[in-house]
Amino acid sequence: MTKDPHHWQLPGGVLRLDRPRVMGIVNLTPDSFSDGGESSGVDGALDRARAMVEAGVDLLDVGGESTRPGADAVPVDEEIARILPFVQEAVHRFPNVPISVDTRKAPVAEAALEAGARIVNDVSGLTFDPAMASLVAARGAGVVVMHMRGTPSDMARRTGYHDVVAEVREELTRRLDRAREAGIAPEAVVADPGLGFAKTAAQSLTLLRHLHDLADLGVPLLVGPSRKSFLGAVLGEPPHRRGAGTVAACVLAYLRGARIVRVHDVEPVVQALAVAHAVETADPRDVVAPPILATDGRAPS
Ligand code: HH2
């Protein structure tokens with residue numbers, strides 16, 4: 001869609017994607033799969049967001065409805081009531097950190113954009129609410145178009161792929177075409193293969209392994225591996241013990257072309273990606289080898 005996947009056009013400016021970016025997850029839900037209830041109060045969520053900002057987060061993604069399989073549907077008014085106080089406050093407290101709203105519903109997105117959010121993260125890839133694409137276009141908002149089949153309630157049964165990478169690429173291409181037809185600027189769009197959404201653990205691992213094959217979508221890629229069950233399948237650990245696995249997945253995603261990762265635990269991922277990026281881009285001539293021993297005879301710290 002765009003020739004330059006190194007920028008993301010957002011209201012109020014462009015987010016440069018010449019280094020990996022970290023999107024921090026702020027769930028205002030009682031039932032999210034890994035942190036449900038952790039930050040259901042607005043003050044708690046703002047404190048967690050502050051810690052993420054101090055750890056170097058680039059974007060904050062706020063959600064008021066869990067997308068885990070079998071999660072309860074949340075009425076529009078309730079979803080707005082959960083997220084709006086956070087968005088209203090966060091745009092003032094963290095003016096340099098674009099706020100994204102994780103929703104499939106146009107009225108929720110509209111309320112958040114009205115309050116100053118700049119991105120709509122739609123896990124349905126603009127397919128759930130027919131009004132979503134035109135809203136994003138009219139507002140000039142940034143948008144994450146994610147791949148999923150079905151809805152969170154039935155997606156676990158919709159994992160029949162012959163070639164998961166080719167089919168996800170094909171289905172994402174159609175969604176990106178629809179976004180363009182609705183008038184959304186190509187530079188405002190980021191695509192996401194939707195790890196764990198209508199994918200088995202093996203399919204999520206395959207997508208991560210072949211992420212480079214999605215590069216020809218022509219838009220920057222965002223990937224959300226954080227604490228997901230495909231990591232649990234590898235590690236045999238519950239969600240809150242998948243932190244190091246999440247870091248590994250983020251680094252691998254970056255090395256395979258992802259520009260943005262969406263995570264719960266920001267600090268280790270910011271560090272890991274900073275090192276990965278330095279290794280990938282550093283000129284070896286810039287690196288001065290440290291002395292084996294400091295001149296006073298003590299080992300260098
Ligand atoms: N994953 C989740 C939610 N939103 N958005 C994008 N773009 N990509 C993802 O991979 C993604 C997403 C699920 O994670 P979480 O928000 O922690 O859980 P829940 O949906 O249960 O609140």
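The model shown is predicted, which means the values in this text are computed figures rather than measured ones. Note that ligands are numbered from 1 as they come in the structure, with each ligand's atoms numbered from 1 the same way.
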Just by distance, with hydrogens left out, do T29 and N27 show a side-chain donor and acceptor under 3.5 Å apart? no
Under a single-linkage definition using a 4.5 Å side-chain heavy-atom cutoff for Ile, Leu, Val, Met, Phe, Trp and Tyr, are M146 and Y161 assigned to the same hydrophobic cluster? no
So for ligand 1, is T67 a polar contact partner (N or O within less than 3.5 Å, distance only)? yes
Test item: side-chain donor near acceptor, E79 and T103, under 3.5 Å: yes
Distance under 4.0 Å to a non-hydrogen atom of K228: what atoms of ligand 1 satisfy this? 1 (N), 9 (C), 10 (O), 11 (C), 13 (C)
Using a 4.0 Å cut-off to any heavy atom of R68, which atoms of ligand 1 qualify? 20 (O), 21 (O)
Specify the closest pair of heavy atoms between M132 and A109, including all atoms of both residues, with the distance to one decimal. SD-CB, 3.8 Å
What are the atoms of ligand 1, with element, lying closer than 4.0 Å to any heavy atom of N27? 15 (P), 16 (O), 17 (O), 22 (O)
Separation between CZ of F197 and CZ of R158, rounded to the nearest 0.5 Å: 14.5 Å
G224 heavy atoms within 4.0 Å reach ligand 1 at atoms 10 (O)
Which ligand 1 atoms, with their elements, are less than 4.0 angstrom from a heavy-atom of V123? 4 (N), 5 (N), 12 (C)
Using a 3.5 Å cut-off on N or O atoms only, is H264 in polar contact with ligand 1? yes
Do any N or O atoms from the side chain of R242 and from the backbone of K228 form a donor-acceptor pair under 3.5 angstrom? yes
What atoms of ligand 1 come within less than 4.0 Å of a heavy atom belonging to V144? 7 (N)
Is there a polar contact between ligand 1 and D102, counting only N or O atoms under 3.5 Å apart? yes
Could you check whether any side-chain heavy atom of V189 comes within less than 4.5 Å of a side-chain heavy atom of W8, counting everything from C-beta outward? no
So is R227 in contact with ligand 1, going by heavy-atom distances below 4.0 Å? no
